[in-house]
*Asks:* 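Got a structure here, written out as structure tokens. Questions coming.
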Number of protein chains: 2
Amino acid sequence: MPLTKTIHRPTLHEELVERLRNLVVEDTLKPGEKVPEKDLCEAFGVSRTPLREALKVLASEGLVVLQANRGARVAEVTREELEKTFPIIAVLEELAGELACQNLSDAEIEVIETRHAAMVKAYLAKDRKTYFQANQDIHNALIEGACNDILETHHRLLASRVRRARFMANLSDDRWAQAIQEHEQMMEKLRVRDAAGLGQLMKTHMMNKYAAHIRALEAVSEDAAEG
Amino acid sequence: MPLTKTIHRPTLHEELVERLRNLVVEDTLKPGEKVPEKDLCEAFGVSRTPLREALKVLASEGLVVLQANRGARVAEVTREELEKTFPIIAVLEELAGELACQNLSDAEIEVIETRHAAMVKAYLAKDRKTYFQANQDIHNALIEGACNDILETHHRLLASRVRRARFMANLSDDRWAQAIQEHEQMMEKLRVRDAAGLGQLMKTHMMNKYAAHIRALEAVSEDAAEG
DNA sequence: AACCGTAATTATGAATTCATTATTCAGTCA
DNA sequence: TGACTGAATAATGAATTCATAATTACGGTT
């Protein structure tokens, strides 16, 4: 058994992929915005070569769009894209739920149980920030619990594209209550390690989240039409 | 409706991503092999810059592995990776089947029907090459029929990593017969547009393919142990 | 003033160059 | 003989340079 993890010295382009990805996902670089190589090079203190390498990777992940001779733009998050992405995330979560049921240790389930309690508490206190964090932690734990790094990678790629729509912000009270209830059911399945059951719930949980988002979007566009 | 598709002038690095990907998937560049920048640059007649950009993209797709200051190697196809990848492909195909049932036109189903007939004919004639091609065409048609380019992209990424194991070569007679039967059932579901049914079948079809592959692998390793 | 065409400027794609890190290999010593 | 050292070589990571395409700015025309 190795005493030390093999040290990993990140290259510039790796570092830049990470940083730029964050800028896009955190919405610092807004959808549709141009990604000016020159400015970013100055900001990061690197030359264009590694930055451009990073942009190519981000483009292959779908976070930016490259146009020949016209540089890079931050990819837009279209409704069409959400429509296409959510069902995929849903089936990946379904699979993750099934695998997590099989792979998680009792101790790990206990940890999730704790987080779940924290999330419910945050819900009752209407503390959105804490709720979101706990929610995220639980989902991450389940995905990681699947012990499938490839699944994790693809889930992350899709989730990061969707997260940019940041609809978490307009979570209705109804949907919030429903989400909590769904999480309760998920925990029940997890406790008895009902793999298929948990998978099914996670899938519908994701699709319900999607449906709620669409409703919110439509409410917004109606408001716009009225106003 | 646009009369012309927006013309797409490929940049060098895009072209190279494509070419290199083919070299890896087609097994011209063997797993574990070093990817010598210099030689490839000469072979393609380009400088290192676009080639290196392409390698970064391929690395993010998981086809090559980059080691800082030590260049790129073609990623190995481990059994563990197959174990992790097949279930993901399976659920993606399940989803694709469901969507395809909803989206394919009658005419498009008719085309698949024709290909299916060609595939059966090739099976009866034990013509593996034609069979593989027809099989591939059918699966592609169903994936494309889902009308979900993101699903398509992720499916392609995963499939290209798996295809390198090229287990199609050691298709047993039993498995071949079973596969044909499964395809028959899939066509039945498709004809009546039973979305859930087709999805389910495509999922199990993929997992059966995986199981057969594992059996083949184990037979090989047993032979090795005996010999 | 609005429109068009052309020149100047800028930004981009790709090649080249430079610095640093691995690798190879000859030579030394146990 | 064989393991170790260190110089020579080769390969890589990143900066720079160069050529070209896109954008902007300007001037003339109506």
Side-chain angles (χ1 to χ4, degrees), chain A residues 2 4-21 23-24 28-76, chain B residues 4-24 28-76:
Chain A
T4 63
K5 265 202 285 191
T6 57
I7 77 142
H8 181 253
R9 200 174 6 162
T11 59
L12 270 188
H13 106 270
E14 282 177 290
E15 188 72 25
L16 287 172
V17 166
E18 191 112 344
R19 301 270 206 111
L20 287 175
R21 205 203 324 263
L23 289 184
V24 174
T28 309
L29 288 171
K30 306 265 189 255
E33 210 168 274
K34 266 199 55 179
V35 183
E37 293 182 4
K38 196 162 150 292
D39 300 357
L40 287 172
C41 286
E42 285 170 18
F44 289 124
V46 300
S47 77
R48 282 175 56 217
T49 306
L51 189 106
R52 287 169 54 79
E53 288 171 346
L55 284 176
K56 303 284 187 286
V57 172
L58 259 47
S60 89
E61 292 182 2
L63 289 184
V64 305
V65 177
L66 300 180
Q67 296 168 293
N69 294 316
R70 298 180 59 178
R73 286 183 176 280
V74 179
E76 308 266 4
Chain B
T4 62
K5 267 200 285 193
T6 57
I7 76 142
H8 181 253
R9 197 172 8 158
T11 59
L12 268 189
H13 105 271
E14 284 176 290
E15 188 72 24
L16 286 172
V17 165
E18 191 112 342
R19 300 270 205 110
L20 286 175
R21 204 202 328 261
N22 280 344
L23 289 184
V24 174
T28 308
L29 289 171
K30 305 264 190 254
E33 209 169 275
K34 268 199 52 179
V35 183
E37 294 182 3
K38 196 164 150 290
D39 298 357
L40 287 172
C41 286
E42 286 171 16
F44 289 124
V46 299
S47 77
R48 280 175 57 218
T49 305
L51 188 106
R52 288 169 53 79
E53 289 171 347
L55 284 177
K56 304 283 187 288
V57 172
L58 259 45
S60 88
E61 293 181 2
L63 288 184
V64 305
V65 176
L66 300 180
Q67 295 168 293
N69 294 317
R70 298 179 58 179
R73 286 184 176 280
V74 179
E76 308 266 4

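To find a chain, count down the sequence lines: A is the first, B the second, and so on, and within it residues start at 1.
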*Asks:* Looking at A/Ala72 and A/Leu66, what are the two nearest heavy atoms and their distance?
*Replies:* CB-CD2, 3.5 Å

*Asks:* When the distance from CG of B/Leu55 to C1' of D/dG13 is rounded to whole Å, what number comes out?
*Replies:* 13 Å

*Asks:* Check whether more than 12 heavy atoms from other residues, nucleotides or ligands sit under 6.0 Å from atom CD of B/Gln67, and answer yes or no.
*Replies:* yes

*Asks:* Hey, could you give me the CG/CG distance between A/Leu51 and A/Leu20, rounded to the nearest 0.5 Å?
*Replies:* 5.5 Å

*Asks:* If you round to the nearest 0.5 Å, how far is CG of B/Leu63 from CG of B/Leu29?
*Replies:*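 Nearest 0.5 Å value for the CG-CG distance: 10.5 Å.
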
*Asks:* How would you list all residue pairs meeting salt bridge (Lys or Arg N to Asp or Glu O under 4.0 Å) that involve residues 56-65 of chain A, not counting sequence neighbours?
*Replies:* A/Arg21-A/Glu61, A/Lys56-B/Glu53

*Asks:* Tell me the interatomic distance from B/Leu12, atom CG, to D/dA19, atom P, rounded to whole angstroms.
*Replies:*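 Between P of D/dA19 and CG of B/Leu12: 17 Å.
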
*Asks:* Find the distance A/Leu51:CG to C/dA14:C1' and express it as a whole number of Å.
*Replies:* 16 Å

*Asks:* Among all residues two or more places apart in sequence or in another chain, which pass the side-chain contact (heavy atoms from CB on, under 4.5 Å) test with B/Lys34?
*Replies:* B/Arg73

*Asks:* Residues from residues 57-65 of chain A sitting under 4.0 Å of DNA chain D, heavy atoms only?
*Replies:* none

*Asks:* Determine the minimum heavy-atom distance between A/Ala68 and B/Thr11, stating which atoms define it.
*Replies:*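 Minimum heavy-atom contact is CB-CG2, 3.7 Å.
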
*Asks:* Got more than 12 heavy atoms from elsewhere within 6.0 Å of CD, B/Glu33?
*Replies:*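 Counting neighbours around CD of B/Glu33, more than 12 heavy atoms of other residues, nucleotides or ligands fall under 6.0 Å, so yes.
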
*Asks:* Quickly work out the A/Glu53 CD to D/dT16 P distance and round it to whole Å.
*Replies:* 15 Å

*Asks:* Determine whether a donor-acceptor pair (one donor, one acceptor, N or O, separation below 3.5 Å) exists between the side chain of B/Thr49 and the base of C/dA15.
*Replies:* yes

*Asks:* For DNA chain C, write out the stems as range with range, using runs of 3 or more consecutive Watson-Crick or G-U pairs with both distances under 3.5 Å.
*Replies:*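 Paired runs of 3+ in DNA chain C: C:1-30 with D:1-30.
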
*Asks:* Pairs under 3.5 angstrom only: tabulate donor-acceptor contacts from the side chains of residues 37-44 of chain A to other protein residues two or more places apart or in another chain.
*Replies:*
unit_1	atom_1	unit_2	atom_2	d
A/Glu37	OE1	A/Arg48	NE	2.8
A/Glu37	OE1	A/Arg48	NH2	3.2
A/Glu37	OE2	A/Arg52	NH1	2.8

*Asks:* Would you kindly give the CZ-to-P distance between A/Phe44 and D/dG13, to the nearest whole Å?
*Replies:*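 So the two atoms are 20 Å apart, to the nearest Å.
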
*Asks:* Quick check: closest heavy atoms across B/His13 and B/Pro50, and the distance to 0.1 Å?
*Replies:*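 Shortest heavy-atom separation between B/His13 and B/Pro50 comes out as CB-O, 3.8 Å.
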
*Asks:* Grab the two heavy atoms, one from A/Val65 and one from A/Ala75, that are nearest each other, plus how far apart they are.
*Replies:* CG2-CB, 3.9 Å

*Asks:* Please encode protein proximity along nucleotides 6-12 of chain C as a string of B, S and -, counting only heavy-atom distances under 4.0 Å.
*Replies:* -----SB

